[in-house]
There are 2 protein chains.
Amino acid sequence: MPLPPSRATLIEVATLAGTSKTSVSRFFGPERDKLSPALCARIERAAHTLGYRPNLMARGLKGGGSRLLGMLVADIRNPFSVALVHGVEQAARAQGYSLIVCNTDNDPVLEQTQLATLAAYQVEGLIINASGQPEAPLQALMHSGVPLVLLDREVNQLKADVIGLDNAQAIDMALEHLVLQGYRSVLYVSESPTQASTRQARLIRFEQQARPRGLTSRTLLLNSLEPDAVLPTLKAFAQSAGPAAVLCGNGNVTLALARGFQRLGLAMGPVGLMGIDELDWCALIAPGITTLAQPTDAIGRAAVTCLLNQLKSTTPATVLHRHAPRLCPRGSTQLSSFTPEESNNP
Amino acid sequence: MPLPPSRATLIEVATLAGTSKTSVSRFFGPERDKLSPALCARIERAAHTLGYRPNLMARGLKGGGSRLLGMLVADIRNPFSVALVHGVEQAARAQGYSLIVCNTDNDPVLEQTQLATLAAYQVEGLIINASGQPEAPLQALMHSGVPLVLLDREVNQLKADVIGLDNAQAIDMALEHLVLQGYRSVLYVSESPTQASTRQARLIRFEQQARPRGLTSRTLLLNSLEPDAVLPTLKAFAQSAGPAAVLCGNGNVTLALARGFQRLGLAMGPVGLMGIDELDWCALIAPGITTLAQPTDAIGRAAVTCLLNQLKSTTPATVLHRHAPRLCPRGSTQLSSFTPEESNNP
DNA sequence: CTGTTAGCGCGTTCAA
DNA sequence: TTGAACGCGCTAACAG
């Protein structure tokens with residue numbers, strides 16, 4: 001009988017150990033050292049044979065806190081989001097917190113519901129990767145004392161910490177790389193930037209920085225990731241004069257454009273292709289797709305650290321809010337059609 | 001002030017509405033119709049202005065149930081697992097349940113911890129995608145009355161419902177496809193099947209069915225997905241006589257082998273490549289990789305249905321345990337190097 | 001060091 | 001139809 005879970009209660013353990021609830025409670029709390037070794041041993045044994053584990057719901061009810069963190073994710077099927085969840089979950093567990101993850105499938109309505117659910121479970125803190133602009137509910141939550149951190153995307157008017165990629169730096173790195181590789185004109189492709197602050201930030205930076213670096217720039221905003229949405233512009237762009245490259249605002253866009261290249265029979269490299277977000281298959285396609293990898297684990301960890309700082313509100317140990325990407329150069333941004341020995345990049 | 005969450009209590013609402021806790025409780029429970037319209041209106045308004053939402057932790061404490069389902073995932077960074085989570089979460093939400101997801105990173109030790117955590121939060125049911133063989137803890141959980149469903153992978157000796165792919169059918173479909181395409185010898189590549197029942201089931205079926213279908217068969221078991229682990233065998237196999245194809249036991253293996261093909265400069269098609277699990281990029285690589293897609297949403301939905309049946313234990317509405325895959329034929333299993341007009345397959 | 005008492009926010013008797 | 005009283009499992013005062 002290895003681990004008969006939870007269903008035993010504090011009282012049962014207490015009676016079996018011939019003591020009171022309080023001592024048992026102390027045994028499982030931070031005051032274990034205030035108990036005599038003898039008592040400890042008795043409780044230890046009783047709890048073990050009963051397979052007792054504290055009921056965290058009941059604990060949360062009093063003052064102990066639920067030890068629960070809530071996380072809202074805009075699109076759980078996006079590998080980038082999953083990587084964030086993974087990082088957050090690891091960091092939370094390391095601090096003794098559990099995570100309840102709610103997906104919103106990029107639906108602002110569902111987002112409101114999920115937020116309410118999270119609040120109803122008395123989470124001690126919230127990590128928000130917003131779909132829409134749930135400013136009001138979040139404002140209310142903050143006002144009612146729930147610590148809160150924004151992940152990857154900001155929310156209008158909401159004064160809260162935002163943890164994520166340094167978008168300006170990412171665009172700068174991309175442009176610098178493309179210039180260095182000899183490209184003279186760049187098409188920036190992004191999903192509709194109205195909902196997501198990250199997309200806006202990248203787009204704006206691109207528009208600011210492309211010309212100063214001597215690049216001819218052009219922009220394509222996508223409402224759909226269907227191949228057909230990309231084809232006409234891509235086709236025209238590929239025929240433009242001079243060495244030209246496409247820069248993709250995120251992983252989804254990179255996927256859509258890789259499809260576009262395939263449909264049009266375009267060779268990567270002669271027409272450059274580069275994307276923000278690193279994906280499993282980027283090293284696999286033809287000469288390899290150059291990417292900017294986000295440090296997702298670090299971002300997730302930073303979010304948790306930041307949140308817990310707010311909770312303990314002591315040591316304002318500053319955490320890094322803007323994280324630098326890592327360049328993974330591959331064949332898709334090499335103008336010369338000379339195929340390199342090794343196009344992988346770990 | 002749109003949604004000041006949760007922090008208001010039943011009592012505050014009651015006093016503001018000039019009534020008692022009980023009535024408010026009823027208003028939010030299934031007995032709302034036993035209240036006079038007048039009272040309903042008053043409570044409605046009071047609750048609204050206070051932004052009251054029932055505290056689900058407290059509710060779970062009594063008899064009401066926590067409305068929480070727990071889910072254990074072996075590897076949250078695997079797109080297949082994520083798809084399952086997505087399906088489960090949708091179905092759970094549709095039934096008014098929330099989901100707390102714990103990742104185990106394929107670590108049996110961490111798995112035990114996470115299981116204990118889930119139990120401690122008084123989840124009403126458990127959906128388990130096992131990493132190891134946590135037979136004892138699960139047995140104990142079942143014994144203590146927690147409904148439980150196994151997802152994708154079985155656990156030794158544990159008598160519980162298992163929901164997932166029909167592995168035998170999947171292997172059969174794959175072999176049939178390969179035979180039809182003219183391949184005469186097949187190499188089956190799998191990760192180490194010791195921990196995961198699914199891998200065993202597929203492997204065994206392959207070994208049983210390959211010869212009867214007139215195929216020369218060979219097997220490669222991987223302890224690592226590094227390219228080097230694949231290369232020697234793959235190289236030798238590619239030089240074997242007659243039309244030969246590689247069959248990959250899951251998405252990770254498909255990725256590893258696609259890398260292997262690339263490293264060796266092997267053309268897909270002339271040497272066949274096929275995999276279980278559909279991934280974003282399978283249609284993108286060279287002539288397209290043929291796959292067997294798992295109906296992840298249906299599987300997730302079935303798991304929740306099955307679990308909820310156990311909870312209500314009324315209507316033993318049977319759910320489908322073994323789900324059929326869907327074949328996505330592409331160029332990687334076409335012997336003739338003739339490139340098809342369209343190698344995509346939705 | 002240890003036990004007693006009093007709630008946490010809620011659902012559920014049971015009377016009224 | 002409504003309300004008062006009790007208890008869920010636990011922690012936090014406050015005594016002994």
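Quantities reported herein were computed from a predicted structural model and do not represent experimental measurements. A note on names: the letters A, B, ... follow the listed sequences, proteins ahead of strands, and every chain is numbered from 1.
The backbone N or O of T9(A) lies less than 3.5 Å from a partner atom in the side chain of E12(A), making a donor-acceptor pair.
Comparing dT13(C), dC10(D), dC8(C) by their nearest atom to the side chain of R26(B) picks out dT13(C). If you check dG11(C), dT5(C), dC10(D) against the side chain of T22(A), the one that comes closest is dT5(C). Distance from the side chain of S20(B) is smallest to dA4(D) among dA4(D), dC10(D), dT12(C).
One interatomic measurement links the two molecules: CZ of F27(B) to P of dT1(D), which rounds to 16 Å at whole-angstrom precision. For the pair N55(B) CG and dC10(D) C1', the interatomic distance rounds to 14 Å; values are reported in whole Å. One interatomic measurement links the two molecules: CD of E124(A) to C1' of dC8(C), which rounds to 15 Å at whole-angstrom precision. For the pair M57(A) CE and dT11(D) C1', the interatomic distance rounds to 17 Å; values are reported in whole Å. A straight line from CD of E12(B) to P of dC8(C) spans 11 Å, rounded to a whole angstrom. Atom-to-atom, CG of L61(B) to P of dC8(D) comes out at 9 Å; the value is rounded to the nearest Å. Residue K62(B) contributes atom NZ, which lies 10 Å from atom P of dG9(D) at whole-angstrom precision. Rounded to whole Å, atom C1' of dT2(D) lies 12 Å from atom NZ of K34(B).
Note on S36(A): only backbone sugar-phosphate atoms sit closer than 4.0 angstrom, heavy atoms only; bases stay farther off. L35(A) comes within 4.0 angstrom of the backbone, heavy atoms only, and of no base.
Nearest-nucleotide positions on DNA chain D for P37(B) and L10(A) put P37(B) closer to the 5' end. Each of K21(B) and S23(A) was matched to the nucleotide of DNA chain C holding its nearest heavy atom; the match closer to the 5' end belongs to S23(A).
Checking each of I128(B), L307(B), I299(B) against L151(B) for a side chain to side chain contact (heavy atoms under 4.5 Å, CB included) leaves exactly one that passes, namely I299(B). Put simply, the residue from Q95(B), Q90(B), E89(B) that forms a side chain to side chain donor-acceptor pair (under 3.5 Å) with R93(B) is E89(B).
Look at Y52(A) and you'll find a side-chain N or O under 4.0 angstrom from OP1 or OP2 of dC10(D). For R59(B), a side-chain nitrogen or oxygen approaches OP1 or OP2 of dG11(C) to under 4.0 Å.
Within 6.0 Å of atom CD in Q139(A), more than 12 heavy atoms from other residues, nucleotides or ligands are found, so the atom counts as buried in its surroundings.
Taking 3.5 Å as the limit, the base of dT12(C) and the side chain of S25(B) contain no donor-acceptor pair of atoms between them. The base of dT2(C) lies outside donor-acceptor range of the side chain of T19(A), with no N or O pair under 3.5 Å.
In the model, T104(B) has a side-chain atom that pairs as donor or acceptor with a side-chain atom of S131(B) under 3.5 Å.
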